Amino acid sequence: MKRGLKSIGWGFVAGMVAACACAAPAARAGDLPGPDGNYDYAAFDRGTGHLYVARATSVTDYDLKNGKAAVSIGQIQHGHAVLPLKGRTDLLVTSGDDDTVRFIDRTDGHETGRVAVGRKPDGAVIDERHGRAFVMNAKGGTVSVIDLASRKVTATVTLKPGLEFPALGQDGTLYVNNEDANEIETVDTAAMAAGPAIALGACTGPSGLAYDKSSDRLIAACANGKAAIVSAGRKTLEGLVAIGDRPDAVILDAMRRRAYIPCGASGELDQISLAGAGVPGDVKRIPTETGARTGALDARTGTLYLPAARFSPPAPGQTHGAMIPGSFHVLVVRPG
């Protein structure tokens, strides 16, 4: 993962919406301090009340249920995705610099397994129904399928380099953002074969992705300040919506019929209403802070947790400067 709606009619196709920015009241409910270091995806485990953030060399574990201070667990090399495994004490973590997936016991941080995958594993998703995980190998352009019982790669599907975040559709199709090709790749998970790609038009650098089962739609966050709304069933782009700069995740709140896109350069969290048919037409912009580009949701309460940090001014040619020591924290956001 690198990067980091307004009014629109149902008949709109592949166009850009110039929607109004509807500012929402500040919803900050505090910060959670944490150790220094790079950060990427986060996950909330509703069963245990723990929040996990993938970091450069470990996973930061917040015991929110008991209000304990953050601790670092496990050892990884440039962590990207961290996923709790339902009914187990393990976390699945993608380790990007050594092309592995590591299984870490969340109770004491020891490594319980390691699986070699493709080049530069990044995003991942769990298929609980079939007891497997899909891992996106960004540079290799492949998807590694891991059986969670045996912890072995059972299939490898070749797509294209540039793979980012994945999402599973209700029919079993795997959708994967490709930030280099500006499209969503598809995989038939029954045949374990690549399917047709979905062109995203003027959306460039898609990273974050979510699938909304109720509407059978995909929401992709694009690096150029747009969100792509895609019909999963028809595999077509329905429209583009203006959002903030440098988004890197789409967080679905299915219970409240919302999608959230944290935009790290703009310092805002875009709240998109998914109620009603067609392309969403209601967006609220919640102020956050620069650097907050990924996050996780506690679906029970609707609270969001957004990792962030402060950075020095970037040098010429750089996206951002060095992280300021002691500045890493997690924003706690409670939208209205």
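All values below were derived from every heavy atom in this structure, side-chain atoms included, with hydrogens, water molecules and symmetry-related copies excluded. Quick caveat: nothing in here was measured; it's all calculated off a predicted structure.
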Heavy atoms only: give me the nearest [X]-[Y] pair and the separation to one decimal.
X: I261; Y: P247; answer: CG2-CB, 3.5 Å
X: L237; Y: A228; answer: CD1-CB, 3.9 Å
X: P287; Y: R285; answer: CD-O, 3.7 Å
X: K120; Y: D99; answer: N-OD1, 2.9 Å
X: T294; Y: A249; answer: CA-CB, 3.8 Å
X: G96; Y: H80; answer: CA-CD2, 3.9 Å

Measure the [atom1]-[atom2] distance between [X] and [Y] for me, rounded to the nearest 0.5 Å.
X: R102; Y: L92; atom1: CZ; atom2: CG; result: 12.0 Å
X: I229; Y: I272; atom1: CD1; atom2: CD1; result: 5.5 Å
X: E128; Y: K86; atom1: CD; atom2: NZ; result: 5.0 Å
X: L85; Y: F103; atom1: CG; atom2: CZ; result: 6.5 Å
X: M136; Y: L209; atom1: CE; atom2: CG; result: 10.5 Å
X: L269; Y: L331; atom1: CG; atom2: CG; result: 9.5 Å

[X] and its side chain to side chain contact (heavy atoms under 4.5 Å, CB included) partner, picked from [options]:
X: L91; options: L83, I73, T112; answer: I73
X: T142; options: V157, V117, T156, L163; answer: T156
X: L174; options: T186, V143, D127; answer: V143
X: S150; options: L148, D147, V153, I146; answer: D147
X: C263; options: T290, D270, T288; answer: D270

Q: Dump the intermediate steps for salt bridge (charged side-chain N to carboxylate O under 4.0 Å, His left out) on R119 and D97, then the final yes or no.
A: CA-CA 8 Å; R119 292 180 59 205; D97 286 353; over 6 Å; no
Q) Under the side chain to side chain donor-acceptor pair (under 3.5 Å) criterion, do S207 and D248 qualify, and how do the steps go? A) CA-CA 6 Å; S207 54; D248 211 3; 3.3 Å; yes
Q.
Taking ring pair (Phe, Tyr, Trp, His ring centres under 6.0 Å) as the definition, give me every residue that meets it alongside H329, ordered by chain and number, with sequence neighbours left out.
A.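 Listed in chain order: nothing, the list is empty.
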Q | ring pair (Phe, Tyr, Trp, His ring centres under 6.0 Å) partners of Y260, counting only residues at least two apart | A | none
Q: Starting from the C-alpha separation in whole Å, work towards a yes-or-no answer on side chain to side chain donor-acceptor pair (under 3.5 Å) for D216 and Y211.
A: CA-CA 7 Å; D216 195 32; Y211 171 74; 2.6 Å; yes
(Q) Between N178 and E183, is there a side-chain donor-acceptor contact under 3.5 Å, judged purely by atom types and distance? (A)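 On atom types as modelled, these side chains do not qualify, holding no pair under 3.5 Å.
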Q) For the residue pair F165 and Y41, is the inter-centroid distance of their aromatic rings smaller than 6.0 Å? A)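 Ring centres of Y41 and F165 closer than 6.0 Å.
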Q. Short question: side chain of R256, backbone of A299 - any donor-acceptor pair under 3.5 Å?
A. yes
Q | Exceeds 12 heavy-atom contacts within 6.0 angstrom, atom CD of Q75 | A | no
Q: Check the surroundings of atom NZ in K235: do more than 12 heavy atoms from other residues, nucleotides or ligands lie under 6.0 Å from it?
A: yes
Q. Taking only residues two or more places apart in sequence or in another chain, which ones pass disulfide bond (SG atoms under 2.5 Å apart) with C203?
A. C222
Q: Take H50 and D61 through the side chain to side chain donor-acceptor pair (under 3.5 Å) test and state the conclusion after the steps.
A: CA-CA 7 Å; H50 282 242; D61 174 8; 2.7 Å; yes
Q) So if you build clusters from Ile, Leu, Val, Met, Phe, Trp, Tyr with side-chain heavy-atom gaps below 4.5 Å, do Y39 and I324 land together? A) no
Q) Do R55 and F328 meet the cation-pi criteria used here (NZ or CZ under 6.0 Å from the six-membered ring centre, within 45° of the axis)? A) yes
